[in-house]
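Quick note: residue numbers are just sequence positions, from 1.
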Amino acid sequence: MSRVRVATWNINSVRLRIDQVARFVAESGSDVLCLQEIKCLEDQFPRNAFAEMGLPHLKIAGQKGWHGVAIASRFPIEPSQTFDACKLGHARCVSARIAGVDVQNFYIPAGGDVPDRALNPKFDHKMDFYERLTETARGLDRSRPLLMCGDFNIAPSEYDVWNHRFMSKVVSHTPIEVETLNRLQAAGGFVDVVREAFPEPQKLASWWSYRAVDFRKTNRGLRLDHIWTSPGLAPAVVAQSATIHEPVRAWEQPSDHCPITVDLDV
């Protein structure tokens with residue numbers, strides 16, 4: 001049995017922030033890094049930098065200028081069937097089998113500004129993405145060691161937003177989105193490892209807007225980034241190991257998201 005530290009991070013351009021990635025990997029000791037919004041094609045991905053970090057094994061789904069997801073690993077990567085839920089064919093899903101665990105990494109659409117499927121194609125795309133994932137989850141063997149992570153672009157609980165009443169009218173925390181996320185979680189019996197480690201009513205956040213000059217002072221954060229485990233993998237989660245690396249959001253020219261990690265004994 002070995003201990004594996006898995007991280008997820010919406011990096012908002014991997015090439016722009018490659019030095020921050022290297023610093024985070026060194027400081028956190030992450031063995032598997034799931035990135036979202038890499039914003040580059042596969043042949044533009046800074047492979048050498050990841051090899052120097054000790055994460056030479058890569059699975060990349062790139063797209064020019066937008067979206068893009070990747071998994072970098074200290075351990076060899078085996079093939080895994082990706083839960084591709086994007087009807088528009090964006091690079092939003094990537095997967096890999098690492099140390100016997102099926103890792104599925106997602107950048108789920110943000111959904112625009114209007115929470116109405118008929119009026120807003122972006123919101124319809126988001127809901128469709130979730131519906132496809134939920135259908136896939138319903139058919140899974142729950143004993144399968146599966147980790148789902150990424151930028152899910154929904155903050156599920158009143159304790160995952162800075163102001164529940166205000167945010168209930170804003171895309172990312174509207175009732176229909178919360179219900180949709182809960183339906184996906186129930187379909188696979190997934191465990192929200194971060195919330196398990198920090199039970200409600202503790203407030204949590206992983207994203208803070210760039211509009212805030214001092215994100216800590218205004219403290220209008222949302223928990224949009226998640227790590228879930230299947231029932232079959234849940235016993236491997238090291239108790240209280242889930243960590244939101246909030247200090248990373250204060251680094252120079254940061255992503256608007258901070259990384260999250262969890263340790264597995266596999």
[X] and [Y]: side chain donor to acceptor below 3.5 Å:
{"X": "E131", "Y": "T134", "result": "no"}
{"X": "D84", "Y": "T82", "result": "no"}
{"X": "H245", "Y": "T261", "result": "yes"}
{"X": "N105", "Y": "Q36", "result": "yes"}
{"X": "E37", "Y": "S13", "result": "no"}
{"X": "H90", "Y": "H125", "result": "no"}
{"X": "S255", "Y": "N12", "result": "no"}

Main-chain N/O of [Y] paired to [X] side chain as donor or acceptor, under 3.5 Å:
{"X": "S241", "Y": "D263", "result": "yes"}
{"X": "Y107", "Y": "L35", "result": "no"}
{"X": "K59", "Y": "I77", "result": "no"}
{"X": "R74", "Y": "S30", "result": "yes"}
{"X": "R15", "Y": "C40", "result": "no"}
{"X": "S230", "Y": "R144", "result": "yes"}

Shortest non-hydrogen contact from [X] to [Y]?
{"X": "P231", "Y": "G188", "value": "CD-O, 3.4 Å"}
{"X": "S73", "Y": "V32", "value": "OG-CG2, 4.0 Å"}
{"X": "A250", "Y": "R216", "value": "CB-NH1, 3.8 Å"}
{"X": "L233", "Y": "L146", "value": "CD2-O, 3.5 Å"}
{"X": "P115", "Y": "V171", "value": "N-CG2, 3.7 Å"}
{"X": "P259", "Y": "F24", "value": "CB-CZ, 3.4 Å"}

| task | For the pair E246 and R249, evaluate salt bridge (charged side-chain N to carboxylate O under 4.0 Å, His left out) and give the outcome as yes or no after the intermediate values. | result | CA-CA 6 Å; E246 183 259 12; R249 179 64 177 80; over 6 Å; no

| Is the ring centre of F75 less than 6.0 Å from the ring centre of H57? |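 No, they do not, as the ring centres are separated by 6.0 Å or more.
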
| said: For W228 and F152, I'd like to know if the aromatic rings sit close, meaning centre-to-centre distance below 6.0 Å. | reply: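 Aromatic pair counts; centres sit under 6.0 Å.
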
Does this structure show an ion pair linking [X] with [Y], if we count only N-O contacts that are shorter than 4.0 Å?
{"X": "R3", "Y": "D265", "value": "yes"}
{"X": "R165", "Y": "E158", "value": "no"}
{"X": "D102", "Y": "R97", "value": "no"}
{"X": "R92", "Y": "D151", "value": "no"}

| Stepwise side-chain contact (heavy atoms from CB on, under 4.5 Å) check, R220 with S209 | CA-CA 8 Å; R220 294 189 171 188; S209 172; over 6 Å; no

| request: Begin from the C-alpha positions of R223 and D192 and carry the test salt bridge (charged side-chain N to carboxylate O under 4.0 Å, His left out) through to its verdict. | output: CA-CA 12 Å; R223 188 168 72 102; D192 178 347; 2.8 Å; yes

| task | Kindly determine whether V248 and W9 satisfy side-chain contact (heavy atoms from CB on, under 4.5 Å), including the steps that lead there. | result | CA-CA 11 Å; V248 175; W9 191 5; 3.5 Å; yes

| Aromatic ring pairing F50/F45, orientation class (parallel under 30°, perpendicular over 60°, tilted between) |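 It falls in the parallel class, under 30°.
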
| request: Start with the C-alpha distance between F129 and D124, add both sets of side-chain angles, then the distance that settles side-chain contact (heavy atoms from CB on, under 4.5 Å), and finish with yes or no. | output: CA-CA 8 Å; F129 194 107; D124 179 68; over 6 Å; no

| message | Under the criterion salt bridge (charged side-chain N to carboxylate O under 4.0 Å, His left out), I'd like the reasoning laid out for D31 against R5: C-alpha separation, chi angles, the key distance, then a yes or no. | response | CA-CA 5 Å; D31 300 302; R5 180 160 293 168; over 6 Å; no

| request: Step by step, work out the salt bridge (charged side-chain N to carboxylate O under 4.0 Å, His left out) result for D128 and R132. | output: CA-CA 6 Å; D128 183 83; R132 290 169 183 240; 2.5 Å; yes

| field | Stepwise side-chain contact (heavy atoms from CB on, under 4.5 Å) test for V69 and F106 | value | CA-CA 7 Å; V69 283; F106 302 101; over 6 Å; no

